[in-house]
Asks: 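Below you'll find the structure I mean.
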Amino acid sequence: MSSSRVKRIGILTGGGDCPGLNAVIRAVVKNASRHGIDVIGIQDGFLGLVEKNTRPLGGQDVSNILTLGGTILGSSNKDNPFHMRETDAKGRVRTRDRSEEIPTTLKRLGIEALVVLGGDGSMTVAHKLSRMGLQIVGVPKTIDNDLMGTDQTFGFDTAVSVATEAIDRLHTVAASHHRVMIVEVMGRYAGWLALGSGIAGGGDIILIPEIPYDEKKVGEAIWARRKRGKKSSIVVVAEGAHSKGGKMAVDRINPLSSDRIRLGGISRELARHLETQSGIECRSVILGHVVRGGCPTAFDRNLATLFGVHAMELVLKGRFGRMVALKNTKMASVPLTQVGGKCRKVPLDHEWIKAAKSIGIEFGV
Ligand code: F6P
């Protein structure tokens, strides 16, 4: 039995979904039951916490979910207890701080600690709630791999694999039609996903937010390949990539989300400009949410399981206000203060960038 005084915990998944969320939920529920701790699932992220939408999670609920993408609890990347949306009688949307209600809600539900699975936005909320005295442990998820405090987030490996498979398939299309295929992947303001899948997928040019590109140089790299007899090229571009002095391509603004901007469309712009500049047919493909869906890779299932078990260890030891992390292949944890509101970009001296350059991959500079 546990030495912890905690007898019931809550668990929620916040932000965009990502492969491995269910594997974490499963690990938490299975480990909690071994310590005689009840787990209450909170539906749809922080929305369920405010609206008291919960359900008990037992062994049966987490059976056969290890390989399942998405989250059995539902998620939301718009609902933040500090700025909850409300529609008034005239249909106007306003926001209201409802965070004060949460301690009472948790008390009524008998929940003594919360495990929050999420990215930057969710960890920021988790930190604010923990400053109000709530006992919280964070678990880092995101396909973007851009969370501070951990060497890797779960979901990233799967997204890299799915994007790589898509790039593999586009090679034959590009080669058959002597085209340039410009493949856009998500990743917000960091280039991890573009870089990881670009190298694994044999991309010829990789464009990431950390290295603003020169369109002319990208065109020249494509022509240099033509002159060497390579009639097709694959450009892998991060949704947050932009030209030197240029702006990121914004697809939409979501005023209710903690990060209001949704990026997207840079590959279309680039295809238009490069085709005009080079006279070579350039086509764009936006992979978008496809890389976020489906079954997690073995690596992500294992990382998610380790994270879930380590989150429970923190709960059992009463080490709250922390996020579990992977540090030099070992399980660790960092204070939530060090996580939210920051973005872990690809360092310019990262081994992936060095290796990519060493094998002739161009970055448009
Ligand atoms: O953070 C994960 C992510 O998929 C980003 O890569 C992307 O910019 C964003 O979420 C998309 O958000 P939404 O699901 O709201 O379109």
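If you're wondering where the values come from, they're calculated on a predicted model, not measured in any experiment. Ligands are counted one by one from 1 in listed order, and the atoms in each one are counted from 1 as well.
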Asks: Working to the nearest 0.5 angstrom, can you tell me the gap between Thr276 OG1 and Glu215 CD?
Replies: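 Output value for this atom pair is 9.5 Å.
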Asks: Relative to the heavy atoms of Arg262, which atoms of ligand 1 are at a distance of less than 4.0 Å?
Replies: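 Reading through ligand 1 atom by atom, the close ones are 11 (C), 12 (O), 13 (P), 15 (O), 16 (O).
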Asks: For atom 9 (C) of ligand 1, find the nearest protein heavy atom and state the residue, atom name and distance (0.1 Å precision).
Replies: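 Minimum-distance protein heavy atom for atom 9 (C) of ligand 1 reads Arg292 NH1, 4.0 Å.
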Asks: Is Gly187 close to ligand 1, meaning an N/O of one under 3.5 Å from an N/O of the other?
Replies: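 Yes, since at least one N or O of Gly187 sits under 3.5 Å from an N or O of ligand 1.
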Asks: Heavy-atom distances under 4.0 Å are what count here, so tell me which part of Leu263 touches ligand 1: side chain, backbone, both or neither.
Replies: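 Contact part for Leu263 vs ligand 1: neither.
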Asks: Hey, could you give me the CD/CZ distance between Glu51 and Arg98, rounded to the nearest 0.5 Å?
Replies: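 Atom-to-atom, Glu51:CD and Arg98:CZ are 7.0 Å apart.
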Asks: In terms of atom number and element, which parts of ligand 1 are under 4.0 angstrom from non-hydrogen atoms of Arg188?
Replies: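 So the answer, numbered in order with elements, is 5 (C), 6 (O), 8 (O).
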Asks: How close does the nearest protein non-hydrogen atom get to atom 16 (O) of ligand 1, and which residue and atom is it?
Replies: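 Nearest neighbour among protein heavy atoms for atom 16 (O) of ligand 1, to 0.1 Å: His289 NE2, 2.9 Å.
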Asks: Can you tell me how far CG of Leu270 sits from CG of Leu207, rounded to the nearest 0.5 angstrom?
Replies: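 Going from the CG atom of Leu207 to the CG atom of Leu270 covers 6.0 Å.
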Asks: Looking only at protein heavy atoms, identify the closest one to atom 8 (O) of ligand 1 and say how far it is in Å.
Replies: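 Going atom by atom, the protein heavy atom closest to atom 8 (O) of ligand 1 ends up being Glu239 OE2, 2.5 Å.
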Asks: So how far is it from Ile280 CD1 to Arg225 CZ, rounded to the nearest 0.5 Å?
Replies: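 The CD1 atom of Ile280 sits 10.0 Å away from the CZ atom of Arg225.
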Asks: Decide, yes or no, whether a salt bridge links Asp120 with Arg188 under the criterion of side-chain N to carboxylate O below 4.0 Å.
Replies: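 Yes, Asp120 and Arg188 are salt-bridged.
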Asks: For ligand 1, is any non-hydrogen atom under 4.0 Å from Ile143's backbone (N, CA, C, O), its side chain (CB onward), both, or neither?
Replies: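 The part of Ile143 near ligand 1 is the side chain, not the backbone.
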Asks: How long is the span from the CD1 atom in Ile261 to the CG atom in Leu263, to the nearest 0.5 Å?
Replies: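 Between Ile261 CD1 and Leu263 CG, I get 6.5 Å after rounding to 0.5 Å.
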Asks: Which residue and non-hydrogen atom of the protein lie closest to atom 6 (O) of ligand 1, and at what distance in Å?
Replies: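 Checking every protein heavy atom, the shortest distance to atom 6 (O) of ligand 1 gives Asp144 OD1, 2.6 Å.
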Asks: What distance separates His289 NE2 from Ile143 CD1, expressed to the nearest 0.5 Å?
Replies: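 Atom-to-atom, His289:NE2 and Ile143:CD1 are 8.0 Å apart.
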